[in-house]
Enquirer: 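Have a look at this one.
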Amino acid sequence: MDFLILLIGLLFGTVLVVGIGERVRLPYPVLMLVFSALFAFLPMIPEIHIDPELILPLFLPPLLYAAAQRSSWSVFRLRWRSLVLLAVALVAVTVGVAAGVAWAIVPALGLPAAIALGAIVAPPDPVAVEAVAGKVSMPRRLITVLQTEGLFNDAIAIVIFQAAVTASISGGEVGWSIVPSFLIGAAGAVVLGLAMGWLVGALNRFVPNLVARSAVTLVAPYAVYILAEEVHFSGVVAVVVTALELGRRARPQDSEERLTRTAFWEVVELLTTGVAFGLVGIEMRYVIEDEGREIFAFIPGVAAVCAAVVLVRFAWMYGLYRFGGTARLNRVPGSLKEVLVLTWCGMRGLATLALALAMPATTLAGEPLPGRNFMIVCAGAVLLVTLVLPGLTLPWLMRRLKLPSDHGAVAKQERELARRAERVALETMKRSRAADKLPAERRAALARRMSSLHSILERDSEADPQKMLQMKATLEVMDAVQREALAAARQEVLAARRQSGMDPEAVDRVLRRLDLRTVTLDRSGH
């Protein structure tokens, strides 16, 4: 019961902290970490520990799925170079350097535990990147690289972490055998992910209920992750492949399902992230109580690990800039300014938290695991250095660097796509046999509606700041009028429920249609 109360408290706390973060312009995960750490010291809070073996299966599947469903197979084919150099090579190098620094400064940690620490602090988090970088005027190509980097780097880090933890608790060593293990595990995970994508697609065709089809996307990541781990494949890769395959199998006519699923996963992602950061904040209490004043002895090692994480990323990005081997116009990073931005955006997040919490407290012999508290403190410090500092300073840095914007080129592509979409829609409507059954005036109205499709899909005002401000003001007025009208309509339908002989289910159906109409208007640009 104590854990259930704590969980409900963290869920409510996440919602509150999100509101505070919006007002003070700070990332809500960091605020959740700080507030939960302070709250944990209140005397009425009971001491609660979660089994470390449950941390990764609880938190990683939903967040990996949420991040991966915003990508696609075509993105991976186009950005394979970034995947290899950043999601694989950079993570491996960061693990090695951070482990070497930690082991040199804290020899009692042991090499396997030092490697586990390196795996904890190595992988950047795409969710954290979007939470911070999405609020500043950053070139889209840089954001794209950061998002792509964050999808598969967790897999590399988790494989290294699991091998290192096994060696730590058993007294063994970490060897090169993890390389073929990772390759075999990744290949098997791809097969499992494709199979799960096919299975969920078949279920979606069989189940007519919209809510049930959205719910299965929450079950699928957990199912494929647990299945992959049970057969010693990569659960991370399996979840990502499942999300990509489901995206590939999406049907054009499932627009309502996609709207519902997007809203559903935004809620899941927000609450899961908040709970995970809150649990780490609470864990800090136990670390401080265990170590007491001796925790200050951690400072040199913690500072060295934080510096190593940042410097390795800077050196790697600078190496890509100088020796990338491609045309400078297409290279990312393409300038020293972009090197600095990509270094600054190497934000750690949930993977670092989950791996830190997943570190077992004892060895197989039942003895306390040496250095566990140091590793948790290191993870928290790396989060502060790579997430809080960029969150506070990235807007200022972007203003100072004045990077050339590529939003104009992106807007041009959007306009071209909007025209193409409109042209195909008109041609399809003319060939449609169903349209022949409509009266002439209805066909004309439908043609006029399709002829304005491009104006809904394209965003010409983005290229001109003055037009953008004018359009924003106009849309705000339209939004206010629309919301006032729909709110009045909703009140009228609710009032009808009290009328004698009115079917409550009819009222509920109309209310749902009103809600759907509101969502449709909002997402189509009013």
Side-chain angles (χ1 to χ4, degrees), residues 3-23 26-33 35-36 54-71 125-132 134-135 147 150-151 200 203-204 207 209-225 239-240 242-244 246-247 250 254-281 349-351 353-354 483 490 508 511-523:
F3 175 72
L4 182 60
I5 294 173
L6 174 64
L7 179 62
I8 298 300
L10 289 175
L11 292 174
F12 272 110
T14 299
V15 177
L16 177 62
V17 167
V18 168
I20 296 173
E22 290 291 332
R23 284 169 171 76
L26 284 176
Y28 78 89
V30 177
L31 294 179
M32 193 67 187
L33 177 67
F35 287 161
S36 60
L54 295 178
I55 296 298
L56 295 182
L58 277 177
F59 293 110
L60 280 185
L63 288 167
L64 288 169
Y65 185 90
Q69 68 179 351
R70 293 190 284 268
S71 187
D125 184 4
V127 177
V129 169
E130 291 179 8
V132 177
K135 297 180 181 179
Q147 291 171 335
L151 288 179
V200 174
L203 281 175
N204 285 339
V207 177
N209 186 278
L210 175 62
V211 177
R213 292 204 301 271
S214 297
V216 76
T217 62
L218 180 61
V219 178
Y222 284 108
V224 76
Y225 181 91
V239 172
V240 173
T242 299
L244 296 175
L246 285 176
D254 293 335
S255 56
E256 183 179 355
E257 179 181 343
R258 284 189 290 274
L259 290 175
T260 303
R261 188 180 297 176
T262 299
F264 171 76
W265 273 100
E266 286 176 355
V267 174
V268 171
E269 188 174 19
L270 183 143
L271 293 178
T272 307
T273 302
V275 170
F277 275 81
L279 288 175
V280 171
L350 190 69
L353 291 173
R483 290 183 183 280
R490 184 179 180 82
D508 291 339
L511 287 174
R512 285 195 294 270
R513 291 167 190 161
L514 266 175
D515 290 338
L516 179 60
R517 179 60 176 166
T518 302
V519 171
T520 304
L521 288 172
D522 285 342
R523 292 183 178 271

Enquirer: In sequence, state the C-alpha distance, the side-chain angles, and the governing distance for L16 and F35, and then conclude on side chain to side chain contact (heavy atoms under 4.5 Å, CB included).
Expert: CA-CA 11 Å; L16 177 62; F35 287 161; over 6 Å; no

Enquirer: Would you mind telling me which of V275, L10, T273, I20 makes a side-chain contact (heavy atoms from CB on, under 4.5 Å) with M32?
Expert: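 It is L10, the one option of V275, L10, T273, I20 that forms the side-chain contact (heavy atoms from CB on, under 4.5 Å) with M32.
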
Enquirer: Working to the nearest 0.5 angstrom, can you tell me the gap between N209 CG and N204 CG?
Expert: 11.0 Å

Enquirer: How would you list, by chain and number, every residue that makes a ring pair (Phe, Tyr, Trp, His ring centres under 6.0 Å) with Y65, sequence neighbours excluded?
Expert: W265

Enquirer: Applying side chain to side chain contact (heavy atoms under 4.5 Å, CB included), run through L60 and V239 and close with a yes or a no.
Expert: CA-CA 9 Å; L60 280 185; V239 172; over 6 Å; no

Enquirer: Over all heavy atoms of both residues, which pair between S36 and G278 is shortest? Give the atoms and the distance, please.
Expert: OG-O, 3.2 Å

Enquirer: Nearest 0.5 Å, what's the CG-OG1 distance between L246 and T217?
Expert: 8.0 Å

Enquirer: So, for T14 and G274, which heavy atoms are closest and what is the spacing to 0.1 Å?
Expert: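 Heavy atoms only, the tightest pair is OG1-CA, 3.3 Å.
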
Enquirer: Verify, without hydrogens or angle tests, whether Y222 (side chain) and L58 (backbone) share a donor-acceptor contact under 3.5 angstrom.
Expert: yes

